[in-house]
Amino acid sequence: MFFKTKPWKALAVTGALAMALTACGSEETGSANGEEEYSWQFVTEETPGQVQYEYAVEFAELLEEKTDGRVSMNVRDFGSLGSEVDQVEQLQQGILEFGIISPGFTGGLVPEGQVFSLQFFFPDDQEVTQQILNESVALNEKLAAFYEAQNIKPLAFMSEGAMQWTGNSPLRSPDDFNGFKMRTQESPLMLQTYGAYGADPQALSWSELYTSLDRSVVDGQENPIFFIQDASFHEVQDHMTISNHNTYVAMVTVNNDLYESLPEDIQAAIHETIDEMRPRGFEIQQQLNADLLDEIKNDEANPTEVYELTEEERAAFREIQEPIHQFFRDEIVGDEGREMFDLLVEEIAEYQE
Ligand code: 6CS
């Protein structure tokens with residue numbers, strides 16, 4: 001394995017926003033040859049050994065190299081700058097320049113981004129889904145414009161792997177979710193997707209999730225395998241269901257005002273870095289998800305029953321979720337959002353052929 005997995009550590013976020021305001025800030029400094037130099041903060045929602053953080057470290061190195069050191073980036077892990085939603089706000093305000101954010105934490109800000117909360121919507125094949133994320137006009141132009149209107153520019157959409165369920169009871173049929181206290185991210189539509197199974201969903205930051213599972217404040221959660229293991233959720237959950245009910249998508253973003261103010265050569269270096277990092281991001285998640293599934297299975301001190309749904313069992317969940325795809329199109333978004341959705345549906349069909 002190319003980097004060491006770290007055990008979950010308690011995240012102290014109290015008072016973090018105040019610290020963030022003193023610790024961060026964009027800097028532009030002149031250089032000896034008269035070219036502008038930049039010092040940027042790159043925030044992630046994850047910690048060392050996890051996909052977003054490892055991606056950001058490699059991204060920062062590559063961009064620094066491509067700009068001959070005119071850009072320097074300080075990669076920040078999750079925990080010291082507040083919750084995921086706090087980080088989004090700091091990115092919007094330009095307190096932070098770059099960030100990897102999960103659309104699940106922007107459901108109130110950009111309702112169209114909730115397309116990533118739809119279960120059984122993107123193809124099960126992770127490589128096909130990543131190709132759609134890389135090339136889709138609906139996502140990279142139309143959805144990106146909704147975020148840009150909020151001063152956040154998505155530069156890339158990346159899969160962190162297929163999502164699975166964990167619970168303190170087995171989750172094999174929609175009925176198993178009846179009254180189940182399901183943790184979700186801060187997205188109204190995500191709450192609805194679990195409400196459709198009869199669950200009692202609750203939005204929480206992941207900084208509170210281990211303790212909330214341990215104390216049965218919530219009964220279960222969804223995440224890619226690497227995150228379940230690295231955040232040690234399996235230690236406080238008896239069951240894991242390989243459901244592949246969705247893909248965990250994160251966005252690599254930059255503050256839009258900052259981006260617009262940059263000279264063309266720096267913008268070009270950013271895009272080259274994004275393109276070169278695409279296969280690398282995919283590889284990081286693939287390796288972590290494979291390795292850490294074995295760690296969960298082999299963890300004798302914390303036994304977790306791992307159950308893979310059959311296609312027939314998945315179909316029972318899909319049947320309940322499909323009307324929500326239409327609900328998103330008809331009720332959640334406006335005309336431009338509908339155009340985005342219709343185009344995305346067409347694109348997905350083309351890639352699946
Ligand atoms: O469940 C969450 O909220 C977290 N999951 C992942 C895979 N990344 C960061 C996010 O906050």
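Order of appearance sets the numbers: ligands from 1, and atoms from 1 within every ligand.
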With side chain to side chain contact (heavy atoms under 4.5 Å, CB included) as the criterion, how do Thr304 and Gln237 come out once you've worked through the C-alpha distance, each side chain's angles and the decisive distance to 0.1 Å?
CA-CA 7 Å; Thr304 307; Gln237 296 271 267; 5.7 Å; no
Looking only at side-chain N and O atoms, does Asn223 offer a donor or acceptor that is under 3.5 Å from a partner on Gln221?
yes
Would you mind checking which non-hydrogen protein atom is closest to atom 11 (O) of ligand 1, with the distance to 0.1 Å?
Trp206 CD1, 2.9 Å
Set of ring-ring contact (aromatic ring centres under 6.0 Å, His included) partners for Phe317, sequence neighbours left out:
Trp165, Tyr197
Which residues share a salt bridge (Lys or Arg N to Asp or Glu O under 4.0 Å) with Asp275, sequence neighbours left out
Arg278
Any non-hydrogen side-chain atom of Phe157 less than 4.5 Å from a side-chain atom of Asn134?
no
Nearest protein heavy atom with distance in Å, relative to atom 8 (N) of ligand 1:
Glu46 OE2, 2.6 Å
Record the part of Glu45 in heavy-atom contact with ligand 1 below 4.0 Å; permitted values are side chain, backbone, both and neither.
both
Please say which of Asp230, Thr44, Asp77 ends up in a side chain to side chain donor-acceptor pair (under 3.5 Å) with Gln50.
Asp230
For ligand 1, the portion of Gln221 having any non-hydrogen atom under 4.0 Å away
neither
Within ligand 1, which atoms have a heavy atom of Glu84 less than 4.0 Å away?
3 (O), 11 (O)
Which of these, Phe226, Tyr248, Phe227, Phe233, has its nearest heavy atom closest to atom 10 (C) of ligand 1?
Tyr248
Would Arg314 and Phe120 count as a cation-pi pair here, with the cationic atom under 6.0 angstrom from the ring centre and within 45° of the axis?
no
Among all protein non-hydrogen atoms, which one is nearest to atom 5 (N) of ligand 1, and what is the separation to 0.1 Å?
Asn223 OD1, 2.9 Å
Does ligand 1 have an atom under 4.0 Å from some heavy atom of Phe105?
yes
Nearest protein heavy atom with distance in Å, relative to atom 1 (O) of ligand 1:
Arg183 NH1, 2.7 Å
